[in-house]
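Labels below follow one simple rule: chain letters A, B, ... track the order of the sequence lines, proteins then strands, and each chain is numbered from 1.
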2 protein chains.
Amino acid sequence: MNSETVATRLRGAGLRPTRQRLALAEILFGAGDRHITAEQLHAEAVAARVPVSLATVYNTLNQFTGAGLLREVAIEGDRTYFDTNTSNHYHYYVEREGRLFDIASDELTIKGLPEPPPGMEVGRIDIIVRLKARQS
Amino acid sequence: MNSETVATRLRGAGLRPTRQRLALAEILFGAGDRHITAEQLHAEAVAARVPVSLATVYNTLNQFTGAGLLREVAIEGDRTYFDTNTSNHYHYYVEREGRLFDIASDELTIKGLPEPPPGMEVGRIDIIVRLKARQS
DNA sequence: ATTTGTGCAAATCGTTTGCATCTGA
DNA sequence: TCAGATGCAAACGATTTGCACAAAT
């Protein structure tokens, strides 16, 4: 994705394409699907000579998430992961390494989900498949 | 579950059945399956005239979890939920209210889960079905 | 007697916010 | 020009930890 497209995308989301937002979007969306924490993104930005404060990284991630450009992934534990793939999909999680990645299959379906309680409807379904090193 | 059983269970887990642990276990396991945060448990304990510090509640919850008496449920957001039902099951989560409860079905199965990456094996699978008030 | 648990307050850590200063349109 | 964005540091809220005291074996 080139920066023009990114700028367009940001504008479309009602966000001004500022220096920092463009740079962060470039890092986030420029290399396939990513699962990243605020801290990691901040480190990459600084490494890429894009000085940006951690606070702005947080703000930007939240804005992007609100705009539907990112999706938050709930993992127990302290830090929050942001996923650049906002389509319907599920995750593998390697606890030992804190590594998170997509389940490469859209075949995955759930069977036997009961009717939700009255007056409620099902929104998103999150699935985390926890992996561990095989021991045997 | 009476306190004698609880004491036995704690001992079996290598934990001394102290006053506070017994009281907390009583609250946790004495009334069916529960999904509770440290703060909530602390409030209940205090209300039940069992003075216990929040720090001890945290320590106890973590010890119980380590001993397999509780299970941690990953919900995005700040607080951690502990589930007294450690068997294989999944959850509904009402975002608006921060309410978490079991999916009443063991029929629920996953179809199409691809082979895990080489050297890895599947551990636990977490499923959160997010509910929202029906709008229509 | 010894080991382990508890309480309190202080320390951590991720994340958010207030406010003065910049910047994009 | 001027609403909106950024940076910094301070504020925050959940959770953990250090240490002196108390309780369990």
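Following rounding to the nearest Å, A:Leu41 (CG) and C:dG14 (C1') show an atom-to-atom distance of 15 Å.
Judged by distance alone with a 3.5 Å cut-off, a donor-acceptor contact links the side chain of B:Arg16 to the base of C:dT3.
Counting only heavy atoms from C-beta on, A:Val52 has its side chain closest to D:dG7 among D:dG7, C:dA25, C:dT17. For B:Ser53, the side-chain atoms get nearest to C:dG7 when compared with the rest of D:dC8, C:dG7, C:dT15. The side chain of B:Arg79 lies closest to D:dT15, out of D:dC8, D:dT6, D:dT15. Among D:dA24, C:dT17, D:dT16, the nucleotide with an atom closest to any side-chain atom of B:Arg19 is D:dA24.
Relative orientation of the B:Phe64 and B:Phe29 rings is parallel, given thresholds of 30° and 60° on the angle between their planes.
Under a 3.5 Å cut-off, the side chain of B:Thr37 and the backbone N or O of B:Arg79 do not form any donor-acceptor pair.
Pairing each heavy atom of B:Arg124 with each of B:Glu72, the nearest pair is NH2-O, 3.5 Å. The minimum heavy-atom distance between A:Ala104 and B:Pro114, with the atom names listed, is O-CG, 4.4 Å.
Nucleotides of DNA chain D nearest to A:Arg21 and B:Thr37 differ in position, and the one nearer the 5' end is that of A:Arg21.
At the phosphate of C:dG5, neither OP1 nor OP2 sits under 4.0 Å from any side-chain N or O atom of B:Thr18. The phosphate of D:dG7 (OP1 or OP2) has a side-chain N or O of A:Gln20 nearer than 4.0 angstrom. For D:dT16, the OP1/OP2 oxygens have no side-chain nitrogen or oxygen of B:Tyr58 closer than 4.0 Å.
Counting non-hydrogen atoms under 4.0 angstrom, B:Asn59 reaches a base of the nucleic acid. Across all strands, B:Thr80 comes closer than 4.0 Å only to sugar-phosphate atoms, never to a base (heavy-atom distances).
For the P atom pair drawn from C:dG14 and C:dA10, the interatomic distance equals 22 Å after rounding to whole Å.
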